[in-house]
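Here is the naming used below: chain letters follow the sequence lines, and residue numbers restart at 1 for every chain.
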Amino acid sequence: MLKNQLNTWPKMVLITLTLFGTNLLYAQQEQVKGATQDENGQLLSGVSIKALHTTTGNTFSTSSSNNGLFTFSNLPEGGPYQFIFSSVGYQNDTLSGYTIRNGQQIALSVRLKISNQNIDEVYIGYGVTSKKDLTGSITSIKSEDLNTGVFSNVGQLLRGKVPGLVISNNNSNPNATPSVTLRGSSSLRSGEATEPYYVIDGVPGASLALVSPQDIESIDVLRDASATAIYGSKAANGVIIVTTKKGKTGQSAINYDSYLAVDKIAKRLEMMNAQQYRSYINDNGFSMEPVDDTGADTDWQKEVSRVGISHNHNISILGGNEKTKYSASINTFNNQGVINGTDLGRQIGRGYVQSKAMNDKLDVSFNVNVSLTKQNNVPALGQGLSVFDAMYYYLPYSPLKNDDGTWFENTPRSQYANPVSLIEENIILSKTKLIQGHAKLGYQIFDGLKYNLDLSLQNKQYNFNEYNSSLSMIARNMNGRATRAAVEDQRKVLETNLSYDKTFNTHKISALIGYSWEQADNNDGIQLSVSDFYGDDLTYYNPGMANVINRNGFGGYYLSTLRMISLYSRLNYTFDNKYILQGTLRRDGSSAFGLNNRWGTFPSISAAWKISEEAFLKNSNVINELKLRTGYGSSGNSLGFDVFTARSVYGASVTDFENSLGQIVRTLKALRDSNPNLKWERTDMLNVGVDFSLFNNRISGSVEWYDKNTSDLIYSFAVSPVIYPSGYLTANIGKINNRGIEFSVNTIPAKTEFFTWNSGINLSQNKNIVKSISNERFSSQFIELAYLDGAGHSNANQQRLMEGYAIGQFYTWEWAGYNEDGVSTFYVRDEDMGERTGETTITPELKDRAFTGTALPKFTLGWNNSFAYRQWSATMLFQGVFGGKIMNGTRARHSNVVGNAGNKNILTEVVNTQKPTDINAHYLSDRYLESGDYLRISTLSLGYTIKNLGSQIKNIRLAATINNPYVFTKYKGLDPEVNLGGLEPGIDNRQTYPRTRTFMFGANFNF
Amino acid sequence: MRHIIKPFVFTALSFTIWSCTSLDVDIKSQFTEFPDNERAAEAISADVYTAYRGAMGRDHWMVQSLSADEAVSVSMGSDWYDGGQYRQFHVHNWNADNGMLTNMWNSAIVGIVNSNNVLTIINNDEADIAAPIRAMRAFYHFILMDNFGAAPILKGRVEVQPDRSPRPEVCRFIEAELLEVKDKLPTTVNSSTYGKVTKYMAEALLAKLYLNWSVYTAQNVEDYTPIASNEKLQEVVKMCDNIIASNQFNLTSHKFLEKFRPDNGPQIKDFIFVMPYDKESQQGMTFARFWIHRSAQNQFANLPQSVGGTFRVLPTFLDKFNLQGDERNASYIGGKQYYWSNYQEDRTRPFLIRTSKKGIDQDYVGADADTQFEWQLDITRDIVLRPDGAATLNVGNDQKGRSMGYRSIKFYMDVNVTSAHQRNQSNDVPIFRYADILLMKAEAILRGASATNGETPMSLVNQIRAYVKAPLLTTAPTLQDLLDERAREFADESWRRNDLIRYGKFEDKWGFRDLYLAGYTEKFRRIFPVPTTVLNLNNIWKQNPGYVN
């Protein structure tokens, strides 16, 4: 340590000299010596200290070393001097009135206060501003406030933290990704098209798998159109900007961060055991098939599950001096699912170096990131061939294996497979490799004007391997089937812009003009599917030994080249630090759209008035900050397209043809009709917000109201094949409105010398309405959605997309109790008018359905609490969703008393909830539509920090966390948190991977 | 320093301008235009032939068979009711929401549209290579016209929604087209024209059209009666005679049941026009899934997927298979069951199911209800609904319910299937057979056409009877005799509805039709409603009379 210090000192001085080009004499004498500390007296490294010679205006800089000490040795004699201390995350402090005299040493000591979040920097896209100067709606979350848990996905870090951001995950499968929806659903498409746009360290569209949660410095969520419009056509669902940790001046730190987590199933479905099942059959006059009952009592949920052990290790090096900054990290993460055979392992390596040259005018950085992900999965197909279905439906009195050691199966039974054999006889492994290179260059042309260039390349290699053994129920009579796929996605982005920032007296101008070019070459790959091997030994490794090649098994990987070109600009003007006006304009072109409509223009305008800066409030003791802001802007949605979306595509149908020579050949048909008029989905949003801070910043927060109209929604809908040969057309068809209020408050209810309690609550309300699903040429009264299948009623959809109703509108039969035979009846509706006729039926038809509820929640709530007492810290996070309904298809299916009796297991509860005479017990109707309200204690965490351990280790932090300790809900399924994104929200149907409760133990060593 | 700034900025800017604003990207992985060469042309025309493959192998077959007196699709417990989509056809109360009708309509329309695409590429409707495509287009119009009445007549690509032409107009369009192209069509009958259009396919279709002429040209479907005069009867005879005179076809190349096995193909000389299927490469045919007993998945082979076992032949229809020695009687199986191998019942291996008295009959309450034993599967002739089973045609899901009703093995299940084939079979399904030509000629003569070539209805029927080893007629057949002969010959071949309508018997009583009494008088059901989804997409069209929409 000491040696290191000695080596670096002269360098620092040299840098300081070169920096300012002064001709001062080199002096060894320490004129100023000091220490920088935090509020608690902890020595603080990396604080930058500027000495200002107030009469000449000359400045001299240094920064505090690893042990929080600093010196100045080369200050011209005289004064008076001001010493300005600044460090990221702390409030600036200034000491004034010092005079340097020969031979006299000045000793300085400063305790920096942690900066209030309100004055933190906020990433706004192609730039940074302070939260005080924002005109748009942006929520910024710092690393220490991110959720803790076994997370592989950035969405999970934000759950409950950002008003208007709904993150929902059906289950705890390590391979599942949660849906992320900001300010209501505004797309008729699914997947990427409904998700926010991610920008990582300035690289738009970068993959989140490249960043481990421990490397994240902050996440900024751009919520309204005036904030997002700078990203134009990609921003309709909001923008999430992820910034990773970088080295700081004067810092040199090594961090080791690790945790071990234990996952347990939080709740089981109570299915009958063997004895309960036998008596249910006997008591109610059902019959069983003797082949099933071998006298066993198998708990299938137990057989397929385990306690999941997950661990994560992260080592990072951060450091830098005035010229050069660097950071590097290695992360290894392994998340074992609670269902056997499901896991995710990931390794991430990151390296970053930044340097300045040409009198600090040139600033260049490089970034290389690599991530390797390996995922094991188990079959989750339809027709009962899913572990997550079979683990519930399989009969309890059947054994795992027959006496001869073979799997117990009952093959003639429809949609029925031993869940353990499904796991053991199938390998499903995927590997994803991501490489990203990012170069960044900034050049200060003259004071205030800066040129920036960003070049990035991301390459993703996806490999899929599957083997279904000769005993696999999903490849019967096939003597083993192997499937392999290799797919490459590549993305190149060039971003370049000029930015100008200048303050003239009371006028502050900030301007930006830029150009961006990006090309994605996606889905370039091939799949091979073969079968009929001489044994299962080679699994998927040697497809050449198979006797049969599936000519329809090439997987549909077609290279799609998409290019997007944009020009963007932003102008921000502040007058007197009170009035802020901002305008942005972006013009985007994309090859995804029809030839007639490839370009779109996306403007925004916003303004803010810092009322608290006005004279009448400036000295208020109550109001520290009050800001009114409003913005209106347009953004588009160009995510989720490929190059074929708007074009005619001709290709082979699945079925082949025998030609005149007797050869089996491919057919050629219209697969897709072109739509040269296909254009951008457009979202126009008006946002009004108030930011406030009261009582010495003890209470702060904001209230926002927005009105978001999305038009020209894109949907692939059925058209008359008379005109369009493929029968489907992708066109702009609909309008959706989302309107809502978001409310967030942070308070400090208690603050003493040793104890602090921070409490933040956010509440959001959103109302979603489909305004139209028609355009000039096409009109559709409704679109049938949420087809859930089910014995005996397999053609009934459960949701309808319809004008005047929200996305996720349930449209179901209405349960009318039992008839005299003990069979469920349903209300009959008149075919023409849709009114109830007063009759009931046991054979409901499609026409008998009615609007029975909505899936989307009315309110979402997040409530964070953090406590600090000396070295102890604790957090408590509650998160809730209210006002939406869930179709509990899982319960319906497992309540099929007549259909399942003797064939498949049923819920224990049916003894009390179902009549054994009811052949319609499982019919999906409003009977299975349940309230999705819940309040979850999502995180409880306790931490202890051991500080000042000496020169070897700076500090150690230990933490214990429980995720999902308890849920308050009336929902009867496994968990009320179901997918709320996309077009079919609020569905819980059969494929139920359990939710887990996680116990985590973490340690962080700071060297 | 300044002197390097300018060139630097300039270079950077010019770089950006160079890459600037072009959005034209290469498409390397899919065709964005039809490939233009001879080999591709055949592939494009292939789609004309395959358009109806999926429908013919399932929905079309179900609709024609279940709406007639052949078979019923029952539900077992709560399984296979499926919103009543099968029951509707049996009791004649189907509506426009029935998805099977949608699939039929759309597949036929796609066939027409694909034909027009190919004709556009050929760019000369009079060319010889255009002739088969036009004949197929006429065939798809026939499907629409026969099932749905009025249909759009589409002779080329259209930009705006065409009207539906009245049924008689469509009928005459089909006739005109076929007559025009008939003599340009290939006359070769071998593996190269198997499953494709030949001159004889066109003549067979014309014969079918002419035989039903007074059905199709009736001003209103409800007005048609079987005594209506048919001006085209002599044309039926003429078309049949052309086919007979070609000497390309015969009944006797194969035994009756051999013609429908998974290995059938161009060697079957009885076939004039077929829809070829292959379990792997030409998928869509899944008859056996519905006929095989639900617990007898392994009776014929170890089938990889479970079977439905919902189709049951109606006893009244089964009773028509009553001729001594008639090989066609083996189309259906019943009674005590054995394993099968190589198309033969293996009498040494009874098909045993481990069950109990209660497993056989869920209402059995004796003390020995749960005693297990090996039960030889016994398929019974009669179909009895459970006491509360009327609403869903529920026969129960016990062995008793599963075993009611004889099963067809005419299109014998493909024993070499794997999971990958998803219940698909390789049996080609004949659309026009030589046997049909003989029986159509017989019927035309019986209805009043002049006999030709010394053939009488009796001699024609006896040609059939002889090859199936059934007793020969010794007296002239009646029309009813002919209809019954057609039942035996064409069971499961999707012609029964067409026959019953022509005979005026579509409104007769059979099976459980008493459950919807109005069905006996609703003659508008001789054509199906235009599916709701089709009307939604073609909003200028009106629903067929009688149907709600």
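- With a 4.5 angstrom heavy-atom cutoff, B:E280 touches chain A via backbone and side-chain atoms both.
- Only the backbone of A:R413 comes within contact range of chain B, judged by heavy atoms closer than 4.5 Å.
- No part of A:L567 comes within reach of chain B, as not one of its non-hydrogen atoms sits under 4.5 angstrom from that chain.
- Taking chain B as the reference chain and counting heavy-atom pairs below 4.5 Å, the highest number among A:E845, A:R672, A:E658, A:E289 is found for A:E658.
- Using a 4.5 Å cut-off between heavy atoms, B:I44 contacts chain A through both its backbone and its side chain.
- A:S591 places a side-chain N or O within 3.5 Å of a backbone atom of A:R563 that can act as its donor or acceptor partner.
- Considering B:D363, B:T392, B:N394 as possible partners of B:R386, the one that fulfils the side-chain hydrogen bond (donor to acceptor under 3.5 Å, both in side chains) test is B:D363.
- For chain B, the option among A:V823, A:N920, A:V722, A:I919 with the highest count of heavy-atom pairs below 4.5 Å is A:V722.
- Only the side chain of B:R39 has a heavy atom closer than 4.5 Å to any heavy atom of chain A.
- For the pair B:H421 (side chain) and B:R423 (backbone), a donor-acceptor distance under 3.5 Å is absent.
- Enclosure of atom CD in B:E374 by more than 12 non-hydrogen atoms of other residues, nucleotides or ligands within 6.0 angstrom is indicated.
- For chain A, no part of B:N190 is nearby; none of its heavy atoms comes within less than 4.5 Å.
- For a residue to count as touching a neighbouring chain, one of its non-hydrogen atoms must lie under 4.5 Å from one of that chain's; by this rule B:V417 touches chain A with the backbone only.
- Only the side chain of A:N552 comes within contact range of chain B, judged by heavy atoms closer than 4.5 Å.
- Under the 3.5 Å distance criterion, with hydrogens and angles disregarded, a donor-acceptor pair is assigned to the side chains of B:N98 and B:Q88.
- Options B:D24, B:N95, B:L154, B:D26 differ in how many heavy-atom pairs under 4.5 Å they form with chain A, and the most are formed by B:D24.
- For B:V365, no part lies near chain A; criterion is any non-hydrogen pair under 4.5 Å.
- Contact of A:Q663 with chain B is made through the side chain alone, with heavy-atom distances under 4.5 Å.
- The contact between B:Q362 and chain A is made by backbone and side chain atoms together, counting heavy-atom distances below 4.5 Å.
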Begin with the C-alpha distance, continue with both residues' side-chain angles, and end with the deciding distance and a verdict on side-chain contact (heavy atoms from CB on, under 4.5 Å) for A:N410 and A:D292.
CA-CA 7 Å; A:N410 185 343; A:D292 295 311; 3.0 Å; yes
For the pair A:R587 and A:W599, evaluate side-chain contact (heavy atoms from CB on, under 4.5 Å) and give the outcome as yes or no after the intermediate values.
CA-CA 7 Å; A:R587 185 155 168 80; A:W599 289 87; 3.3 Å; yes
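- Heavy atoms closer than 4.5 Å to chain B are found in both the backbone and the side chain of A:I723.
- Contacts between A:N900 and chain B at a heavy-atom distance below 4.5 Å are absent for every atom of the residue.
- At a 4.5 Å heavy-atom cutoff, the contact between A:F644 and chain B is made by side-chain atoms alone.
- Contact count versus chain A (heavy atoms, under 4.5 Å) is highest, among B:R157, B:Q305, B:E159, for B:E159.
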Test side-chain contact (heavy atoms from CB on, under 4.5 Å) on A:Q519 and A:D521 and set out the steps.
CA-CA 6 Å; A:Q519 182 165 312; A:D521 292 276; 3.3 Å; yes
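- With a threshold of 4.5 angstrom between heavy atoms, A:N468 does not approach chain B through any atom at all.
- Looking at heavy atoms from C-beta onward, A:L671 lies out of side-chain contact with A:S726 at the 4.5 angstrom threshold.
- Only the backbone of A:V719 comes within less than 4.5 Å of a heavy atom in chain B; its side chain stays farther off.
- Residue B:L303 touches chain A through its backbone alone, counting heavy-atom pairs closer than 4.5 Å.
- For B:A40, the parts lying under 4.5 angstrom from a heavy atom of chain A are both the backbone and the side chain.
- Checking side-chain atoms of A:N523 against main-chain N and O of A:L559 turns up no donor-acceptor pair under 3.5 Å.
- Within the 4.5 Å cutoff, no side-chain heavy atoms of B:S306 are placed close to those of A:Q383.
- Closest approach of B:E42 to B:S45, counting heavy atoms only: O-OG, 2.8 Å.
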Stepwise side-chain contact (heavy atoms from CB on, under 4.5 Å) check, B:K196 with A:F657
CA-CA 11 Å; B:K196 302 189 185 69; A:F657 176 72; 3.3 Å; yes
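- Contacts of B:D370 with chain A are made by side-chain atoms alone, with heavy-atom separations under 4.5 Å and no backbone atom involved.
- Interface remark: of the candidates B:Y364, B:F31, B:Y194, B:F31 forms the most heavy-atom pairs closer than 4.5 Å to chain A.
- Contact annotation for B:P35: only side-chain heavy atoms (C-beta onward) come within less than 4.5 Å of a heavy atom of chain A.
- The residue among B:Q161, B:K28, B:Q399 with the most heavy atom pairs within less than 4.5 Å of chain A is B:Q161.
- Within the 4.5 Å cutoff, side-chain heavy atoms of A:P725 are placed close to those of B:N117.
- Counting all heavy atoms, side chain and backbone alike, B:P304 lies closest to A:N477 at CD-ND2, 3.8 Å.
- No other option in B:N114, B:L23, B:T418 has as many heavy-atom pairs under 4.5 Å with chain A as B:L23.
- Of the atoms belonging to A:S529, not a single heavy atom falls under 4.5 Å from chain B.
- Neither the backbone nor the side chain of A:L385 comes within contact range of chain B, judged by heavy atoms closer than 4.5 Å.
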Salt bridge (Lys or Arg N to Asp or Glu O under 4.0 Å) between A:R666 and B:D47: does it pass, once the steps are laid out?
CA-CA 9 Å; A:R666 287 265 177 252; B:D47 234 41; over 6 Å; no
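- For the atom pair B:N424 CG and B:S281 OG, the distance stands at 10.0 Å (nearest 0.5 Å).
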